[in-house]
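Whatever order the structure lists them in is the order used to number ligands and atoms, beginning at 1. Positions are given from 1 along the sequence. Remember, predicted model here, so these are calculated numbers, not experimental data. When reading the values below, keep in mind they use all heavy atoms of this one structure, side chains included, and skip hydrogens, waters and symmetry mates.
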Amino acid sequence: MNQFFRLVYFLKYAKKETAIRILLGLGIVGAQFSQTWFLAKMVIAVCGKRNMKEILICFLAEFLSLFIRAGLIKYQEYFLKKYAAKVKNEIRSQILDKIMVLGPSFKNDQRTGNLQSLITDGVESLEAFLTQYIPQIAVVVFTTIFITTFMCRLDRTVGLLLLFMSAVTVIVPHIFMPAVSDVMVLYWKEYAQLNAQYIDDMQGMSTLKSLGASKKEGKRLKTQAIGFAAESMRNLGISLSDSTLITICITAGTSISILLSAIHVAQGKIPYAVLIQVLFLAGECLRPMNDLSIYWHNSYTGLSVAEELLYVLDYPVSEKPKENLQNTGIGKKPEIVLQNLSFQYEKDGADVLKNVDMVFKSGKVTAIAGKSGSGKSTIVNLLLGFYETEKNRIQIDGKTLESFEPDYLRSQISVVFQDSFLFYGTVKDNIRMARPEASDAEIMQAAMAANAHEFIVNLPNGYDTLVGERGATLSGGERQRIAIARAILKNAPILILDEATSSVDCKNEQEIQNALKEAMKDRTTLVIAHRMTTIEDADKIYVMQNGHVEGCGTHEELLQKDQIYQNLVRAQSYE
Ligand SMILES: Nc1ncnc2c1ncn2[C@@H]1O[C@H](COP(=O)(O)OP(=O)(O)OP(=O)(O)O)[C@@H](O)[C@H]1O
């Protein structure tokens, strides 16, 4: 129930539109009611005095009501689109903002497909609940008061009976709610998982093919699809029983009202004209409830998303104090100190870093070497503030990492990741992301420095060539050089190269190394080494093993004294 109200709360972002939607709903019910009422009056006039003037007036009034109703319905259709778009945009931007605030530490724990389903189909399915069902409740309340009072004046018992049936039709869906919510949550989970699996398989299609695993994966998908179909049927089963019960209530309410009126006419308690009015109007009285039950039906999928949606929106943000965060204080060549730094990705999990002490000297190049899984990239994640650490363990220019505004901190660091990500768009747009105000000339300069200009101008549309999703139309080395151009363009005081040249061939590597040397000048650089040749010139190299710092020195010093380093260099020369 709490979730129910939490969802309703989103309507506060479209208060005016919600009010208009309610007014339109009231107008439509009013026009419908008056149309039927004049029709009943016309029949009574025909059966009674057959006054042609009265018949004509009733006909014209009925026709006018019909006209107004049709106009309101058309306008409502158009209005609902705008109204729904506003509400859905608000919810989507809240989810996206939250995911951005939570950052990679949250995203890495989720399947991309699940989040994608939530943002697209999940939010879409909330439309019926928020923009139809909820406003219709208000319509039902107002019209029930008006219509039952009107009916009570015709025949008190019938009026009270209709009031009772209205209450029943509103309450029935909520009696089903506990049973429905379990089924709905499972339904959404199955749907999101199936979607996530499809996305995984599409993205990993080449790997699946090369492993000869596509048939096996196809079977797995089929099993998941069958599971989803079963959940859909369960969902349908519950929603059908619920709506059937409502339909029975509405039909029974209408029939019993007519029967009661007929008895009252036979007993001489009311004139037969009232019976005709009840005959026409009883169904109309319960029509708003019927609409409500249809909207409730359409809201099922939306309600099934509630748990997932609120899970993301309520996910706790790090408890960093928001006030007094600095957005200044990092110099042109900052010094970075890691002091007794330990870290686990999961609470009570194993230490990925253990008592790490390191100093990245101002304006110098520091490298970290170590076997795969020794914790090198974790240090980068921590420097970027993607995960929380014990306070005061990382200092930049004498100030603790936590004291900086996260956006400011990241604006002071350029990173070239091992797996550089390009977005769908042109080469130019991708480089410009690092500094949106950069001119075309500056973008070209950065590309030249990253040894990327030559291949870019040979692309079909040069800098305006679309790179496809994740840069799929470029080679690994080309993607990497665009990422390096981005880092050069950003021109931040701290440069982190996380295995930046790992996808580049040897010829290009030397050229990129020269370019990177330029980029490293006058800033503090951290190089995470994959190829040992790339760190031979570093001012200092830390050697890591299993999250520990096992040694440090220059390349020559380590070659003399550090066995782990010697092994790393030896292993590389065999590659
Ligand atoms: N998001 C994560 N959640 C849980 N464990 C993680 C996560 N990322 C990395 N790890 C674990 O932390 C350890 C250190 O990983 P890290 O990526 O820092 O190593 P690395 O030295 O950079 O390795 P590589 O050279 O292969 O990139 C590994 O055991 C890895 O499995």
Can you list the ligand 1 atoms lying under 4.0 Å from a non-hydrogen atom of Val352?
-> 12 (O), 13 (C), 14 (C)
Could you tell me which atoms of ligand 1, counted from 1 in the order shown, lie closer than 4.0 angstrom to a heavy atom of Thr378?
-> 14 (C), 15 (O), 16 (P), 18 (O)
Set of salt bridge (Lys or Arg N to Asp or Glu O under 4.0 Å) partners for Asp314, sequence neighbours left out | Arg6
Ser372, any N or O under 3.5 Å of ligand 1 N or O = yes
Glu307/Lys189 ion pair, N-O < 4.0 Å = yes
Residue Ser374 vicinity, atoms of ligand 1 by number, heavy atom under 4.0 Å = 19 (O), 21 (O)
4.0 Å heavy-atom contact, Gly370 with ligand 1 = no
Could you tell me whether Phe4 and Tyr9 have their ring centroids closer than 6.0 angstrom?
-> no
Does Lys371 come within less than 4.0 angstrom of ligand 1, counting non-hydrogen atoms of the residue?
-> yes
Charged N-O contact under 4.0 Å between Asp464 and Lys428 | yes
Quick one: does Tyr387 get a heavy atom under 4.0 Å from ligand 1?
-> yes
Considering residues at least two apart in sequence or located in another chain, which fulfil the salt bridge (Lys or Arg N to Asp or Glu O under 4.0 Å) criterion with Glu217?
-> Arg220
Describe, in one word, how the ring planes of Tyr345 and Phe343 are oriented to each other, choosing from parallel (under 30°), tilted (30 to 60°) and perpendicular (over 60°).
-> perpendicular
